[in-house]
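What follows is a short report on a single structure.
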Amino acid sequence: MEAKSICRCDLNAELEKVIAQHEGKKDDLIEVLYWVQENYGYVPKDVQQIIADKMNVPLSTIYGVITFYHLFSLKPKGKYGISLCKGTACYVRGAPQVLERFEKELGIKPHDSTDDNMFSLEVVRCLGACGLAPVMTINKEPRVRMKPDLVPGIINECRNADK
Amino acid sequence: MHYYRAHVLVCMGSGCVLSGAPAVKEAILEGIKENKLESEVQVIETGCMGICDLGPRLIIYPEGVVYCRVQAEDAAEIVSEHLLKGRIVDRLVYRDLETKKPIPLMKDFPFLSKQFKIALRNAGFINPEDIEEYIASEGYTALAKVLSTMAPEEVIAELKKSGLRGRGGAGFPTGMKWEFTAKAQADQKYVVCNGDEGDPGAFMDRSVLEGDPHSIIEAMSIAGYAVGASKGYIYVRAEYPLAVERLRQAISQAREYGLLGENVLGTGFAFDLNIRVGAGAFVCGEETALLASIEGRRGEPRPRPPFPANEGLWGKPTLLNNVETYANIPPIIIKGGDWYASRGTEKSKGTKVFALTGKVNNTGLIEVPLGIPLGEIVYDIGGGIIGGKRFKAAQTGGPSGGCIPAEHLNVGVDYESLAELGAIVGSGGLIVMDEDTCMVDLAKFFVEFCQEESCGKCAPCRIGTKRMLEILERITHGEGREGDIEKLEDLCYFIKDAALCGLGQTAPNPVLSTIRYFRHEYEAHIRDKRCPASVCATLFNSPCQNTCPAGVDVPIYLDHIRNGQFSEAYMEVKRENPFPAVCGRVCHHPCEGKCNRAKLDEPLAVRTLKRYAADWVYEQNNGFPVETPGAATGKQVAIIGGGPAGLTAAYYLAKAGHKVTVFESLPFAGGMLKVGIPDYRLPADILAAEIKAIEEMGVTIKTNTRFGKDVTYADLEKQGFNAVFIAVGAHADQKLGVPGEELEGVISGISYLRDIKLGQAADVKGKTVLVVGGGNVAIDSARSAFRNGAKEVQVVYRRRKEDMPAFEEEIMEAEHEGVKYTFMTAPVSVQGAGGRVTGLECQQSVPGDFDKSGRRRPVPVEGSNFVIPADVVITAIGQNVQLDGITEAGVQTARGLVVVDPASMATSIPYIFAGGDCASGPDTAIGAIAHGKKAAAAIDKFLGGTGVVVKPRVLTREITGEIIEDKMAREKEACLPLAKRQSFAEVENGFTKEQAIAEATRCLRCDVK
Amino acid sequence: MMKQIKSVDELMKFKEAALDKIKERKADGKTTIVVGMGTCGITAGAREVMMAIIDEIDKRNLSDVIVTQTGCAGMCQHEPIVEVNKPGTPQIVYGHLDEDKARRLVFEHVINGNVISEWALVQRD
């Protein structure tokens, strides 16, 4: 459950290399954005501008693509990103109760972050582990067969790991 | 090549990885090293075998032993026992759900018994990261065959012969698609694989991509050859990082080995592949949207035609199939189209992979021949419903699909049959639901999904799904209005017709299908503001109260018990149910079946707690307190039948101030509570005391008075009664309908139980007794016969044990007392000599197809007849209603029951009401009590009252003590020792005070929001 | 790096070689050699017997032979015990084996199909 770093020290230089790898092909815009999301944690406005310049794509097109796909976000996420699967199997096996408990314990709704920027809560599309429903991830580390009463323990675990 | 005597295959599919497979693998390697087995045993990573629920999962060859849910700490034992000493570690192997016997070998898994693997042939068997293992398993043989011996047209012809249809959802014939693309003229064509598996609840494509990536590369190369394309793209969703990784590796291996590239296998054929990772948009599963996404644009669909076969990627002809479709291609090429077409049905050929999930015992991926009955998937492969609950429906095809209810369990799962029922095969998600799923909520879930995923390009989908969602939200919040269902239907048809792409056109399907089969659930939400499945949270306080037919406010009285306020607890129950002590003993407690605590450990012992409060009051007062009747209204009500329904109505009508007279044909009141339930379950004094408390409110009970004979409607009218409530129960026997039933020694269960109470029961001492039937009367008769000194008691039932309608604890107690069971056995005739019974001739049955109740129909086997010797045969296969004298006034009946309006219990005659078993058919005590209460309210209203018989009270729901969320075992009440069960003394002894308080403390107080 | 597969024939040859990798996972129609590996067997030298058998199979490049183990058969005084099931030959349980005998067993019974009757304890049908 490693907390992700949002340091941007040398990322911009790295980004230019990535764009160069794609030879600036417009078709590869999503690939480039994917890299940005992975490494920056979101797609900052100044980075969009860099991409627009280097790839010769209008900023509006980039914005259009970012807002179309769930994977890209315009805002930074909390230190611990909690993602609950909202696939049908998870749903039928009690994911809504788990989500409700997270909302109650963290005091936030999905797509939001706590005030201390420690946690953000997301519901995500089917993770394809339906046999183990309900499923969730914390910064990509999976938890399976979730139950509402496991929620406080998980939150404490993150808080303790952070200390 | 080095010889390894054993191979340990560790599943590294996403499911098992999530459950901790990597740690298990490390531990196994560690153990192998410690025991110096490195040169003998090889550990291999494989893909998903489909039994994800049982992961982390290992298979050890050559034996083929499967270990399930293995943890790292189990590794040492597996190494030292299995790998070193060759002993199977029993505790880690799969166990049969029914017999609990270990099933170590994969080939014997019931989960695999009806499966036939084509698309999933290699998943879980080979190492997906090793191209050589794929080649050894016939891999790239099909490509070699195509390139060296077949013309492109021949490839397409073979495919057409196979009858393969697109496995992504639409089911379009694959061969035709290939042909269209092949015929299109262009300088450049593309082959695309749709791996944007977005349907929630489907994960077969992930499994193939992770477990057998080369099969997709091979199939796409074959496609490239057949349609004349030299480039391909595989579009995989970003949520599947492992699949992307494995594919990347596989592509680079294939290039290395010369199986992708400029000159494949030296034949001059050129083909290469690229991966595109999707960025999370469900609509990209739609083909034109997917192509836009590959081009780096917003994934919005466009109208068709032109179809991608003519104008696809960058305007060039493009062949697009999904992962599972491609996975079928190599075997079809190697074994021929006819071989593939030999499975499945006339129009739906071959096999299909389903992701079986939801409330079944075995979840995971299954590959079955198309046309297999749904029931076989749910019960034979899925192992039935978790916790023995009732199957309600299966949902297929995700947000584009529909549901299939229990009465259609026999449907063959294929494209045509499912379409007829309003469902679809779709991408293969198959989600099983039980009684705890609310169908309105499910429809809302899917509409919400489509609404969020709507790309917004066309108005019907963008706005229409929003309007649908608004209506569904208000219905589930108890604000539904009359006409909402029709409005939903209108919207559905409009969106289906007008939406641009598949997403929008199919978005209404889940709504239409749930309305089609579960309209009554929609109506319950809209009219009664009730969610029968206890899901829609704003419509109820707690699931236990919501499930109780009488609506008893369970968490409130449990809280009283927790705080030692037993009298308050008793009065809380009595508000809604005048029989707390009776129901504390004999209720079938549906509340416990819905208790949320069961998800944590075990459900609350609600029934026994109710009993404790009632018994406490009984002991304190030497009886039950009598409530004051309401101020006299001057109206008179006649109640026909002194059972739970009639007496409950009497109680509430007396409270409302009406003068009540109960007419009872037997010498005592109580109805089925008295003559149907033996004293060892419900002691006579307890029942009598609760009846007495009602009687003393001023209710007159006239026993030995049979309606239609001793008293008639005309008499009642003459005596000035203003309303009549008929609650005569169902006390008539149902005959077996076989020869020999008239022999001496054949008695009906219901009269046997009644005669015991009347002191005139047939003597069974020292005799061999057979009881025919599987309901509560059968079990009560069997346990009573045992108490009356029968030498041997055997219950013969025509279905299986899990199908018995009797209460589970009664079945178990009877077994405990020595009652024997014979299942799947149907009586054919009663054998006799000298006019007396000597035995019962039976036929063995086998489980057949599924009946409307969702249970397997027993099919007798011709010639399997055998005789069970018996001195007494008790028949308990059902009860009927005696309608003598009742229909006289013109009261309408149907199928042997009185017809009533379920909302008011009113019959076709204005002043006559009816309830209990005579209106519902044989049902439970609490069901009859609920009827009595409902009828009392309607009668009160009819007589000019308010119609409110339970006075509302002000109540704040608050937590009075700590909620315990750690595991805490359910209290067990003491039972009469077996040796003392020769009498009719009560078997269950209830809780002690300490037990009651401890048990009540387990309540999670779901009612406090 | 593996060399490129340049023709269909090469692919088929390559496949034959690669088959070794997965053959232990396919059980039908093969000879099985079952070594008794209970505590008694291991103490009496079953481990060495098994290693010798495996080594022999490896050296002679035998395909279609499976070596598995089993627990104590209750004939502890005859350990190490090995059972050979070769299709077409009687099913024999051998006792009192050692490394050398094990190697001969592979040669005589497994390869040539001749039962070594003087070591045989039991013949099953």
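Convention: sequence-line order gives letters A, B, ...; per-chain numbering from 1.
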Selection residues 213-222 of chain B - residue pairs positive for side-chain hydrogen bond (donor to acceptor under 3.5 Å, both in side chains), sequence neighbours left out: B:Tyr134-B:Glu218, B:Tyr140-B:His214, B:Asp212-B:Ser215, B:His214-B:Gln253
Which portion of B:Ile131 sits near chain C, non-hydrogen atoms under 4.5 angstrom: neither
Greatest number of heavy atom pairs closer than 4.5 Å to chain C - which of B:Ile88, B:Leu147, B:Thr141, B:Thr267: B:Thr141
Partner residues of C:His78 under the ring-ring contact (aromatic ring centres under 6.0 Å, His included) criterion, sequence neighbours left out: C:His96
Neighbour count above 12 (heavy atom, 6.0 Å) for B:Lys33 NZ: no
Separation of C:Arg47 CZ from B:Lys36 NZ (nearest 0.5 Å): 10.5 Å
Heavy-atom side-chain proximity of B:Arg255 to C:Gln4 below 4.5 angstrom: no
Which portion of B:Asp130 sits near chain C, non-hydrogen atoms under 4.5 angstrom: side chain
Which atom of B:Ala136 lies closest to which atom of C:Leu19, heavy atoms considered: O-CD2, 3.5 Å
Residue pair C:Lys6 / B:Leu265, side-chain heavy-atom distance below 4.5 Å: no
Separation between OH of B:Tyr4 and CG of C:Asp58, rounded to the nearest 0.5 Å: 9.5 Å
B:Lys145 NZ: over 12 foreign heavy atoms closer than 6.0 Å: yes
Working for salt bridge (Lys or Arg N to Asp or Glu O under 4.0 Å), residues B:Glu138 and C:Lys15: CA-CA 8 Å; B:Glu138 305 274 295; C:Lys15 178 180 158 189; 2.6 Å; yes
Heavy-atom proximity to chain C below 4.5 Å, by part of B:Leu9: side chain
Residue B:Glu262 excluded, over 12 heavy atoms near CD under 6.0 Å: no
Note, B:Leu143 side chain near C:Leu11 side chain (heavy atom, < 4.5 Å): no
Separation of B:Tyr61 OH from C:Ile66 CD1 (nearest 0.5 Å): 11.0 Å
Options B:His82, B:Arg5, B:Glu81, ranked by heavy-atom pairs under 4.5 Å with chain C, top entry: B:Arg5
